[in-house]
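These notes are about the structure you will find just below.
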Amino acid sequence: MSVVLNFKSHLSELFAQALREVAPDVAQTEVLIERPKIAAHGDYACNLAMQLAKPLRKSPRDIAQALIAALPASDAVAKVEIAGAGFINVFITTAAKQGVVCGVLQAGAGYGHVHIGAGRKVQVEFVSANPTGPLHVGHGRGAAVGDCLCNVLHAAGWNVTREFYYNDAGVQIDNLTLSVQLRCKGVTPDDPSWPEAGYRGDYIADVARSYMAKETVEADDQHTTGKGDVNDAEAIRHFAVAYLRREQDLDLRAFQVEFDVFSLESALYSDGKVEETVKQLIASGHTYEQDGALWLRTTAFGDDKDRVMRKTDGGYTYFVPDVAYHLDKWRRGFTRVINEQGADHHSTITRVRAGLQALDAGIPRGWPDYVLHQMVTVLKNGEEVKISKRAGSYVTLRDLIDEVGCDATRYFLAARHPDSQLVFDIDLAKSKSNDNPVYYIQYAHARISAVLAQWDGERQALLNADVSLLNSEYETALLQQLIDYPQVIETAATELAPHLIAFYLKDLAADFHSYYNASRFLVDDEATKLARLSLICAVAQVMRNGLALLGVNAPDKM
RNA sequence: GCGCCCGUAGCUCAGCUGGAUAGAGUACUUGGCUACGAACCAAGGGGUCGGGCGUUCGAAUCGCUCCGGGCGCACCA
């Protein structure tokens, strides 16, 4: 008997065959296999008969009857029945389900990986904060969601590149330079002369102090030393950017997020890529001069108004290097790019895509993809927290990591649908109790580790356990969870919804805790003991795999 | 005013490309450690899925509309 590890696709194939025989005319109909919510409705259900009722002008139940008669035999299928309006419910044999234990133990860390990506390249750009201050909670959400998404895509068979884009040029950096310079001169933000757009956080003073003390900072393998000259704006700019990039790098390291590539906006200028993009846009005929500025006719590509490319002062708006940057991504061979960013930047989507279309470079209309996360509100003692000492006007990612730890921060920031606003409750994330889902999941893993540690056998023996002994309701539920895991990864990857992993793990942990309370593992009967241990060993493996996708530790003790 | 996102139990949220009786956690009420870790488990109450109309055999899910909340509408990023 061959081991079936993906029942959904297996059944889908069986029904497709039956369909070709029963109704060749509509054999193109997509076969959907779903998991019913109620156990009495079987393990899998197919609604094909109901879909075909109209085109075939027959009753769903008659069609279901015919489909069942034509269904090829399979070792994995125990029973097929018609229910309700014409659902076809399929029951999987327990033997086939029990096979998953061996499957998990053999595949190990690779269990759950699927191949929908087929090794294709995908670039995920996330965080991409301006080097003008420490990372804030919003960047944290971007980091958690983006990193988890990358892990999920990798597990789904994609060849992933993580990229961070630094906007180290432009007006924001001018403001940063000015702010640091003023601090060097001893001017503080409460002084009346402090500019409206200036940065007010305490960290600006740190940068100024470090620059004046001629310290050396290291960022991206480059060493930058403060010149100590209050009047050299260029030196201050250079130093401030390096200083803050290092600071952000340290924030990311503390959050255990790593990038493959860092791209700099300034490099797009020095490499001539911005100029080249402008020339190409002009050549494509979608630009015009008006009021002393150069405009791009983005309205021709779905934007609600045209955009300025070159300002009257001769500088380019951020939009031009953005287009140049994305053209560069395309030329690097990324036919798929996903930009993860805060929803407050959503207006750039239309603009960047319009700019790329205007280039006539053969880039598809909907390229690149976007995942936008909504805003984060931080709550403490039931009240919203809006400021931090260091940054002044916002809560930093570092504040959260220091207060609740890396694991809990990552979990909470990744465990929500990106589309919904997030309330980060510091008290909840900190609580080492049953109301904290992170500990709930980690505790399940630690419990399994503790049981296995007390068992004096060889792990290898678990591979030969008689899994046919696993047939209690608790065991059946866990087997089904293990079977579902690859499907969860597939859905999370196609929907770009990493939060599904977090919910899955909570469900898996819940089923395990129930099992734990209802049964003993280290029993006298050797066969029973091995069977149960092999199951919980497989559960622990899947927990490790899933937690790794979230970037959360799976501790053996806590 | 225009665009994007959201509205599901008191609170925080799931609900996969429409499916059968809408689910968790938390809070509240009860019960379970001389048993592998009680950071756990079991049981109970709690809902016009924001309102309305439509499409469909079938809608929390799709479409339209209204109400409410967030974000964005720069020659800032």
Side-chain angles (χ1 to χ4, degrees), chain A residues 30 32 34-38 40-41 45 47 50-51 53-54 60 83-87 89 128-130 132 167 169-175 197 265 291-295 304-305 307-319 321-322 342-350 372-375 377 379 415-423 425 428 431-440 442-444 446-455 487-488 490-492 494-495 497 499-500 502-503 506-507 509-510 512-523 532-533 536 557-558:
Chain A
E30 198 188 351
L32 287 180
E34 53 200 10
R35 293 278 329 277
K37 290 174 197 148
I38 299 163
H41 294 153
N47 63 357
M50 276 139 54
Q51 287 184 295
K54 207 164 198 178
F87 287 100
N89 293 337
S128 294
N130 296 345
T132 55
N167 291 102
V171 176
Q172 310 278 20
I173 300 299
D174 294 341
N175 287 334
E265 181 185 7
D291 305 328
L294 180 67
W295 296 70
D304 53 355
K305 52 181 134 177
R307 303 292 164 180
V308 169
M309 291 169 56
R310 192 171 52 224
K311 301 181 276 185
T312 44
D313 69 3
Y316 293 112
T317 57
Y318 75 93
F319 153 75
D322 259 12
D344 52 340
H345 288 76
H346 83 260
S347 60
T348 61
I349 298 178
T350 318
L372 300 181
H373 62 261
Q374 297 290 323
M375 304 292 99
T377 308
L379 223 57
R416 292 276 177 274
H417 194 296
D419 275 346
S420 55
Q421 289 170 36
L422 174 71
V423 176
D425 187 334
L428 175 63
S431 75
K432 300 201 175 201
S433 73
N434 50 358
D435 32 341
N436 192 329
V438 189
Y439 290 99
Y440 184 79
Q442 291 183 321
Y443 182 48
R447 269 183 148 179
I448 295 173
S449 298
V451 172
L452 290 173
Q454 281 168 57
W455 172 57
Q487 190 63 47
V488 172
E490 185 173 329
T491 307
T494 47
E495 305 283 319
H499 72 285
L500 295 177
F503 280 92
K506 218 165 94 175
D507 288 345
F512 168 73
H513 284 309
S514 294
Y515 183 37
Y516 185 96
N517 275 274
S519 16
R520 281 187 63 76
F521 309 115
L522 300 173
V523 292
R532 292 179 180 172
L533 290 177
I536 64 170
K557 285 180 183 167
M558 38 195 300

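In what follows, chains carry the letters A, B, and so on, assigned in the order in which the sequence lines appear, proteins first and then strands, with residues in each chain numbered from 1.
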For A/N517 and B/G32, give me the distance from atom CG to atom C1', rounded to whole Å. 9 Å
Using a 4.0 Å heavy-atom cut-off, does A/F521 contact any base of the nucleic acid, only the sugar-phosphate backbone, or nothing at all? base
Is any side-chain N or O of A/H346 closer than 4.0 Å to OP1 or OP2 of B/A77? no
Write down the partner of B/A38 under the Watson-Crick or G-U wobble criteria, each distance required to be under 3.5 Å. none
Output yes when at least one side-chain N/O atom of A/Y440 is less than 4.0 Å from OP1 or OP2 of B/C41, else no. yes
Which whole-number value in Å describes the distance from A/D174 CG to B/C75 C1'? 14 Å
Is the phosphate of B/G37, meaning OP1 or OP2, less than 4.0 Å from a side-chain N or O of A/Q454? yes
Can you find an N or O donor on one side and an acceptor on the other, under 3.5 Å apart, linking the side chain of A/Q421 with the base of B/C6? no
Nucleotide B/C5, atom C1' - distance to CD1 of A/I349 in whole Å: 11 Å
Classify A/R416 by what it touches in the nucleic acid, base, sugar-phosphate, or nothing, heavy-atom distance under 4.0 Å. sugar-phosphate
Check whether any side-chain N or O of A/T132 sits under 4.0 Å from OP1 or OP2 of B/C76, and answer yes or no. no
So, for A/L372 and A/G342, which heavy atoms are closest and what is the spacing to 0.1 Å? CD2-O, 4.0 Å
Considering only atom P, compute the distance from B/U65 to B/C4 and round it to an integer number of Å. 11 Å
Looking only at non-hydrogen atoms, find the nearest pair between A/Y316 and A/K311 and report the distance. O-CE, 3.9 Å
Taking it one step at a time, do A/Y318 and A/Q172 satisfy side chain to side chain contact (heavy atoms under 4.5 Å, CB included)? CA-CA 10 Å; A/Y318 75 93; A/Q172 310 278 20; over 6 Å; no
When we call it a touch if two heavy atoms are under 4.0 Å apart, what does A/H499 touch: a base, just sugar-phosphate, or nothing? sugar-phosphate
Under-3.5 Å donor-acceptor pair between A/Y318 side chain and B/A77 base: yes
A/V308 and A/F319, any side-chain heavy atoms less than 4.5 Å apart: no
I'd like the C1' distance from B/C62 over to B/U26, given in whole Å. 33 Å
Does any non-hydrogen side-chain atom of A/Q374 lie less than 4.5 Å from one of A/L422? no
Taking only the side-chain nitrogens and oxygens of A/S347, find out if one of them lies under 4.0 Å from OP1 or OP2 of B/G3. no
Using a 4.5 Å cut-off on heavy atoms from C-beta on, say whether the side chain of A/Y443 contacts that of A/F512. no
If the cut-off is 4.0 Å, is A/K305 near the phosphate of B/C2, judged by side-chain N/O to OP1 or OP2? no
Without swapping roles, check the side chain of A/S514 against the backbone of A/A510 for a donor-acceptor pair under 3.5 Å. yes
Side chains of A/Y439 and A/M558 in contact at under 4.5 Å (non-hydrogen atoms): yes
Opposite nucleotide pairing with B/C73, Watson-Crick or G-U, both atom distances under 3.5 Å: B/G1
Nucleotide paired to B/G47 in any strand shown, Watson-Crick or G-U, under 3.5 Å: none
In whole Å, measure the gap between the P atoms of B/G50 and B/U8 for me. 6 Å
Might you point out which heavy atoms bring A/R447 and A/N517 nearest each other, and give the distance in Å? NH1-ND2, 3.8 Å
Is the distance from OP1 or OP2 of B/A39 to the nearest side-chain N or O of A/Y443 less than 4.0 Å? yes
If we call it a pair only when both distances are under 3.5 Å in a Watson-Crick or G-U wobble match, what pairs with B/G7? B/C67
Indicate, with a heavy-atom threshold strictly under 4.0 Å, whether A/N89 touches base, sugar-phosphate, or nothing. base
Is any side-chain nitrogen or oxygen of A/R447 closer than 4.0 Å to OP1 or OP2 of B/A38? yes
Regarding A/L32, tell me which of base, sugar-phosphate or nothing describes its non-hydrogen contacts under 4.0 Å with the strands shown. base
Could you tell me which non-hydrogen atom of A/H499 sits nearest to which non-hydrogen atom of A/P418, and how far apart they are? ND1-CD, 4.1 Å
Whole-angstrom distance between B/U61 and B/U17, as gauged at atom P: 13 Å
Need one value for A/A53: base, sugar-phosphate or nothing, where a base atom within 4.0 Å counts as base even if backbone is also close, heavy atoms only. nothing
Under 3.5 Å on both distances, the Watson-Crick or G-U partner of B/U21: none
For A/P36 and A/N167, find the nucleotide of RNA chain B closest to each by heavy atoms; which residue's nucleotide sits nearer the 5' end? A/P36
With heavy atoms under 4.0 Å as the rule, sort A/N47 into base, sugar-phosphate or nothing. base
Under 3.5 Å for both donor-acceptor distances, Watson-Crick or wobble: does B/A60 have a partner, and if so which one? none
Answer with base, sugar-phosphate or nothing: what part of the nucleic acid does A/S514 contact at a heavy-atom distance below 4.0 Å? sugar-phosphate
Determine the contact category for A/A45: base if any of its heavy atoms lies under 4.0 Å from a base atom, sugar-phosphate if only primed atoms, P, OP1 or OP2 are that close, otherwise nothing. base
Give the rounded distance in Å between these two atoms: CD of A/Q51 and P of B/C57. 13 Å
Base-pairing assignment for B/A27 (Watson-Crick or G-U wobble, both under 3.5 Å): none
B/C13 versus B/A22 - spacing of their C1' atoms, nearest Å: 14 Å
Tell me what A/D322 touches on the nucleic acid: a base, only sugar-phosphate, or nothing, going by heavy atoms under 4.0 Å. nothing
P-based separation of B/U56 from B/G3 [nearest Å]: 28 Å
May I ask you to say what A/M309 touches in the nucleic acid, namely base, sugar-phosphate or nothing, with a heavy-atom cut-off under 4.0 Å? nothing
Starting at NZ of A/K557 and ending at C1' of B/C36, how long is that distance when rounded to a whole Å? 15 Å
Which whole number of Å gives the distance between the P atom of B/G68 and that of B/G58? 32 Å
Just call it for A/S519: base, sugar-phosphate, or nothing, with non-hydrogen atoms closer than 4.0 Å on any strand. base
In whole Å, what separates the P atom of B/C11 from that of B/G47? 13 Å
Whole-Å distance between B/C76 C1' and A/R310 CZ? 19 Å
Indicate, with a heavy-atom threshold strictly under 4.0 Å, whether A/Q442 touches base, sugar-phosphate, or nothing. nothing
Counting any heavy atom closer than 4.0 Å, what does A/A446 reach on the DNA or RNA strands: base, sugar-phosphate only, or nothing? base
Between A/F87 and A/D291, who's closer to the 5' end of RNA chain B by nearest nucleotide? A/F87
Whole-Å distance between B/A39 C1' and A/F512 CZ? 13 Å
Once you round it to whole Å, what is the distance between P of B/G3 and CG of A/L372? 17 Å
